[in-house]
Amino acid sequence: VQLQASGGGLVQAGGSLRLSCAASGNIFRIKAMAWYRQAPGEQRELAAAIVSGGGTNYADSVKRRFTISRDSAKNTVYLQMNSLKPEDTGVYYCNAVGALIGSRTDWNTYWGQGTQVTVSS
């Protein structure tokens, strides 16, 4: 599974950005997708996740500001980020748990290349 993320950039505090991540390849099924982020000098952390049934999970720091959604037909996940703060600055990584055609019981975790989000104060 290949993950292609886009939508990062520079925005002022209080602004909004929308990240997209499209999965491609010989995909049998993707059962969960997520966005992780990594600030400079910090460990990578979960920002938001969504499972195939539609359930979502958010880090406390982004609740009520970020919304994760998914277009299952397109194997694409989105992260709408509103009311951005300087502490949201970091590299955002797309993540997926999926199985390929031909190995339907072999679930693996895949990572995208990351997209930079910079929020200025």
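Hydrophobic clustering, with ILVMFWY side chains joined whenever heavy atoms are under 4.5 angstrom apart, groups Leu100 together with Ile30. Under the 4.5 Å side-chain contact rule for hydrophobic residues, Val1 and Tyr93 do not share a cluster. Ile50 and Tyr110 end up in the same hydrophobic cluster when Ile, Leu, Val, Met, Phe, Trp and Tyr side chains are linked at under 4.5 Å. Ile68 and Val97 end up in different hydrophobic clusters when Ile, Leu, Val, Met, Phe, Trp and Tyr side chains are linked at under 4.5 Å. Transitive grouping of hydrophobic side chains (ILVMFWY, heavy atoms separated by less than 4.5 Å) keeps Met33 and Tyr36 in distinct clusters.
In this structure, the separation between CG on Leu79 and OG on Ser69 is 8.5 Å, given to the nearest 0.5 Å. Taken from OG in Ser121 to NZ in Lys85, the straight-line distance is 14.0 Å, to the nearest 0.5 Å. For the atom pair CG (Leu46) and OH (Tyr58), the distance works out to 11.0 Å, reported to the nearest 0.5 Å. A distance of 8.5 Å separates CD of Gln43 from CD of Gln38, quoted to the nearest 0.5 Å.
Judged purely by atom type and a 3.5 angstrom limit, Tyr92 has no side-chain atom pairing as donor or acceptor with the backbone of Gly7.
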Worksheet item: Which is it for Ser52 and Arg29 under the side-chain contact (heavy atoms from CB on, under 4.5 Å) test, yes or no, and what are the steps along the way?
Response: CA-CA 9 Å; Ser52 57; Arg29 183 178 167 221; 3.1 Å; yes

Item to complete: List the steps and the verdict of side-chain hydrogen bond (donor to acceptor under 3.5 Å, both in side chains) for Thr89 and Glu87.
Response: CA-CA 5 Å; Thr89 294; Glu87 50 263 44; over 6 Å; no

Practice prompt. Give the intermediate values and the outcome of ring pair (Phe, Tyr, Trp, His ring centres under 6.0 Å) for residues Trp35 and Phe66.
Written response: CA-CA 11 Å; Trp35 288 97; Phe66 290 11; over 10 Å; no

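Screening residues 39-57 for salt bridge (Lys or Arg N to Asp or Glu O under 4.0 Å) gives Arg37-Glu45 as the qualifying pairs, with residues at least two apart or on separate chains. Evaluation of the salt bridge (Lys or Arg N to Asp or Glu O under 4.0 Å) test over residues 64-81, restricted to residues two or more places apart or in two chains, returns Arg65-Asp88.
Considering every non-hydrogen atom in both Ser16 and Gln80, the closest pair reads CB-NE2, 4.0 Å. Nearest heavy-atom pair, Ser6 versus Thr115, reported as atom, atom and distance to 0.1 Å: C-OG1, 4.4 Å. Between Thr118 and Gln116, the shortest heavy-atom contact is OG1-NE2, 3.3 Å.
Around the CG atom of Asp106, the shell of radius 6.0 Å holds more than 12 heavy atoms that belong to other residues, nucleotides or ligands.
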Would you give me the side-chain donor-acceptor pairs under 3.5 Å for residues 17-24, sequence neighbours excluded?
none

